[in-house]
Amino acid sequence: MFDRIEATDFKVIVQNDEQIELSFSRTYNSSSGDGVVPLNVDKRFVILRNSSGFYSYAIYEHLKEWPAFNIDNTRIAFKPRKDKFRYMVVADERQRFMPLPDDRKPPRGVALEYPEAVLLVDPIEPEFKGEVDDKYQYGCESKDTRVHGWISNDPPIGIWQITASEEYRSGGPLKQVLTSHVGPASLTVFHSAHYAGAAMVIRFGSNEAWKKVYGPVFIHINSLPEKEDPLGLWQNAKQQMAAEVQSWPYNFPASKDFIKADQRGTVSGRLMIRERYVSNESIPASGAYVGLALPGELGSWQTESKGYQFWSRADENGHFTLENVLSGNYSLNGWVYNFISEYQYDAFITVTPGIAIDVGELVFEPPRDGPTLWEIGIPDRTAAEFYVPDPNPKFINKLFVNHSDKFRQYGLWERYAELYPKEDLVYTVDQSDYKKDWFFAQVNRKIDDNNTYVGTTWKIEFKIDSPDTHGTYKLRLALATAHAAELQVRVNDAQTVTPLFTTGVIGKDNTIARHGIHGLYRFYTVDIPGSELVAGNNTIFLTQTNDQGPFVGIMYDYIRLEGPLTS
């Protein structure tokens, strides 16, 4: 069901010399019919004196007695004039003139493997001919989606969506969301299942009451004299974004459901890391992400969507402060680049209005049993450090040529079969280089022109001079994403019927098709009995078994083999 949330009631909430606040609302009742989402929705629009735009926020409410239902996606969308707004800016390094929406329609455009990806074969402006346009190429992590929008050159006008806080967004700071794309379209995504799948859907059961405030988002409109560089509008938008961030939480929303600063709390502390193979003493978790989310199991914040989340980065000494936290019970979570898995405080934290909580010094002990025998990649929750091939020259986006985000090019999954037409990837420890020799995604291999695909088995070859046959080796597998994949692990015998380990079928992230470099993070430990290893050459086989199409697969974050503790 697609619901544009058209209101049935209008009300002026505030009207004075300094502020106008309008409400467009819709109240659900049992006679509303099957075509209406069982939510009360109150959409607010606010204009302040001397402001360069307007604010919008919404209050969603589901009452206990209403039917169960799911929310897959909810957002604000703007579509400025296509004849004026042609230059799109998502970030400093991701901006360009964009095709027209007419170029995507047949016969000017030809849909590729899925309808969002279109090859421009006869665009109105020849400069776009031969390019691929796909809205997913312009997605961003939530933490990096503070401002984006469109520029008109004639006259020089910009329209920008500015998000001062991500507290109301689902999935934490690494959740990937859509931004702006051909239309022109500009989105502020409050919640979506993109790059996460069914696990991310907001599911309401019967007898479940819920209320949440999304926003406010600021719609910033700016202009310049005609002789000035229109890109100055982007610089101004970034300055406005910084000002909005400093003003959060806003003091003007009239709804009692938007909680002001004096009714919020603060949580602070220090996160340390205890990893005996890095240091004999605990070291500060410099740069760690630390956040509060609704109580759940380890890592559940990645798919948490009904509540609010509050995140911060620790300083070089591991100190962190989470400000303007709403009242409630939370789990305290964290992770640190270069260390596997993640941290969760062993007790819930209860935040109350106006109270500052100091949790003291916390210690994160990443999984570790024995010394590192070898490792592949960097534990950073992405596959960005691995080999990303150049795209097929027939399917390029010019923006991402010689770009750090080369993984956003279309069709990279097909390049695997070109590199490995008969035999799968083989990685030799102490010889191979993961930056060159480890393909960024373990995808299926296309074997004919009839779109027949087969699962793939990657080999890691390594030597052990004298294995401890009585000990247990630990294979640490950190996955950056998975889509409808089953990963099986075998050691020294690829033909054995029963694998040493299997993930089962995991993931609906769809990261491969949507040009991402990570989705949901998953972490596994595989116990390898020392009796499975031999003196000399050994092989670990990583088999992805599901052969259903090009987008099934896995991206690895990091792999490590640890020796037994006695080694």
J.: Just jot down the ring pair (Phe, Tyr, Trp, His ring centres under 6.0 Å) partners of W311, sequence neighbours excluded, or say none.
T.: W301, W335

J.: In Å and rounded to the nearest 0.5 Å, what is the NE2 to CD1 distance from H148 to I159?
T.: 10.5 Å

J.: Mind checking whether F439 and Y416 have parallel, tilted or perpendicular rings, split at 30° and 60°?
T.: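 Correct class here is perpendicular.
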
J.: Going by atom types only, do D92 and W234 share a side-chain donor-acceptor pair under 3.5 Å?
T.: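 Their side chains do contain a donor-acceptor pair, which is all the 3.5 Å distance test asks for.
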
J.: Just do the side chain to side chain contact (heavy atoms under 4.5 Å, CB included) check on Y330 and L326 with the steps written out, would you?
T.: CA-CA 10 Å; Y330 297 93; L326 296 172; 3.7 Å; yes

J.: For K135 and S180, does a side-chain donor sit closer than 3.5 Å to a side-chain acceptor?
T.: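 Looking only at side-chain atoms, S180 and K135 do not form any donor-acceptor pair under 3.5 Å.
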
J.: Should E166 and R146 count as an ion pair when the cut-off is N to O under 4.0 Å?
T.: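 Salt bridge: yes.
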
J.: So if I apply the ring-ring contact (aromatic ring centres under 6.0 Å, His included) rule between F190 and each of Y168, Y308, Y60, which one comes out positive?
T.: Y168

J.: Assess the residue pair H62 and F204 against the criterion (ring pair (Phe, Tyr, Trp, His ring centres under 6.0 Å)); give the C-alpha distance rounded to whole Å, side-chain angles, the decisive distance to 0.1 Å, and a yes or no.
T.: CA-CA 9 Å; H62 181 261; F204 297 101; 5.3 Å; yes

J.: For T511 and T481, does a side-chain donor sit closer than 3.5 Å to a side-chain acceptor?
T.: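 Their side chains do contain a donor-acceptor pair, which is all the 3.5 Å distance test asks for.
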
J.: Using side chain to side chain contact (heavy atoms under 4.5 Å, CB included), reason through I378 and Y558 one step at a time and then give a plain yes or no.
T.: CA-CA 6 Å; I378 301 169; Y558 175 75; 5.6 Å; no

J.: Using the rule side chain to side chain contact (heavy atoms under 4.5 Å, CB included), only one of T188, V90, V89 pairs with T179; which is it?
T.: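 When T188, V90, V89 are each tested with T179, the side chain to side chain contact (heavy atoms under 4.5 Å, CB included) holds only for V90.
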
J.: Verify the distance criterion only: is there a donor paired with an acceptor across the side chains of E21 and Q19 at less than 3.5 Å?
T.: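 There is such a pair (donor and acceptor under 3.5 Å, judged by atom type) between the side chains of E21 and Q19.
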
J.: Apply side chain to side chain contact (heavy atoms under 4.5 Å, CB included) to the pair Y87 and L231, showing each step before the final yes or no.
T.: CA-CA 9 Å; Y87 194 84; L231 286 179; 3.5 Å; yes

J.: Less than 4.0 angstrom from a charged side-chain N to a carboxylate O is my criterion; do R445 and E418 meet it?
T.: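 No.
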
J.: Does A243 offer a backbone N or O that forms a donor-acceptor pair with the side chain of S247 under 3.5 Å?
T.: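 Yes; at least one donor-acceptor contact below 3.5 Å.
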
J.: Are the charged groups of R26 and D3 less than 4.0 angstrom apart, N to O?
T.: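 Yes, R26 and D3 are salt-bridged.
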
J.: Using atom types as modelled and distance alone, determine if a side-chain donor or acceptor of W150 lies under 3.5 Å from a backbone N or O of A185.
T.: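 Looks like yes, one N/O pair under 3.5 Å.
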
J.: If you measure from the Lys or Arg side-chain nitrogens to the Asp or Glu carboxylate oxygens, is any gap between E131 and K394 under 4.0 Å?
T.: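 Not counted as a salt bridge, because no side-chain N and carboxylate O are separated by less than 4.0 Å.
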
J.: When you look at D42 and R44, which way does the salt bridge (charged side-chain N to carboxylate O under 4.0 Å, His left out) test go after all the steps?
T.: CA-CA 6 Å; D42 186 355; R44 300 290 181 97; 2.9 Å; yes

J.: E244 vs Y55, test: side chain to side chain contact (heavy atoms under 4.5 Å, CB included). Steps then yes/no.
T.: CA-CA 11 Å; E244 298 297 326; Y55 298 85; 3.0 Å; yes

J.: Would you please say whether a donor-acceptor pair under 3.5 Å links the side chains of N324 and W248?
T.: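 On atom types as modelled, these side chains do not qualify, holding no pair under 3.5 Å.
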
J.: Would R81 and D83 count as a salt bridge (charged side-chain N to carboxylate O under 4.0 Å, His left out) here? Give the steps.
T.: CA-CA 6 Å; R81 285 175 53 167; D83 61 325; 2.7 Å; yes

J.: Just by distance, no angles: are the side chains of Y136 and Q176 close enough, under 3.5 Å, to form a donor-acceptor pair?
T.: no

J.: Tell me whether the count of non-hydrogen atoms from other residues, nucleotides or ligands lying under 6.0 Å of NZ in K508 goes above 12.
T.: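 It does not: K508 NZ has 12 such atoms or fewer within range.
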
J.: Got a salt bridge between D102 and R108, using NZ or NE/NH1/NH2 to carboxylate O under 4.0 Å?
T.: no

J.: In Å and rounded to the nearest 0.5 Å, what is the CG to CZ distance from N153 to F85?
T.: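 Answer for the CG-CZ pair, N153 versus F85, is 10.0 Å.
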
J.: Is the Lys NZ or Arg CZ of R313 less than 6.0 Å from the centre of Y289's six-membered ring, within 45° of the axis?
T.: yes

J.: Which side-chain N or O atoms in residues 111-118 pair as donor and acceptor under 3.5 Å with protein atoms at least two apart or in another chain?
T.:
from, atom 1, to, atom 2, distance (Å)
Y114, OH, D134, OD2, 2.8
Y114, OH, A513, O, 2.5
Y114, OH, H515, NE2, 3.0

J.: Salt-bridged, D122 to K129, with N to O below 4.0 Å?
T.: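 So D122 does not pair with K129 through a salt bridge.
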
J.: When you check the gap from the basic side-chain N to the acidic O, do D133 and R104 get nearer than 4.0 Å?
T.: yes

J.: Tell me whether D405 is salt-bridged to R408, with the criterion being a basic N under 4.0 Å from an acidic carboxylate O.
T.: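 Yes.
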
J.: Taking E167 first and then R264, would you say they form a salt bridge - that is, a charged N and a carboxylate O separated by under 4.0 Å?
T.: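 Salt bridge between E167 and R264, a charged N being under 4.0 Å from a carboxylate O: yes.
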
J.: For the residue pair Q442 and Y556, confirm or rule out a side-chain donor-acceptor distance under 3.5 Å.
T.: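 Side-chain D/A pair, Q442 to Y556: present.
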
J.: Applying the side chain to side chain donor-acceptor pair (under 3.5 Å) test to D509, which of H194, R522, H518 qualifies?
T.: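 It is R522; the other options fail the test.
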
J.: Between D257 and K212, does any NZ, NE, NH1 or NH2 come within less than 4.0 Å of an OD or OE carboxylate oxygen?
T.: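 Looking at K212 and D257, the cut-off is not met.
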
J.: On a heavy-atom basis, which atom in T321 and which in S268 lie closest, and how many Å separate them?
T.: OG1-CB, 3.8 Å

J.: Charged N to carboxylate O below 4.0 Å: is that the case for K435 and D433?
T.: no

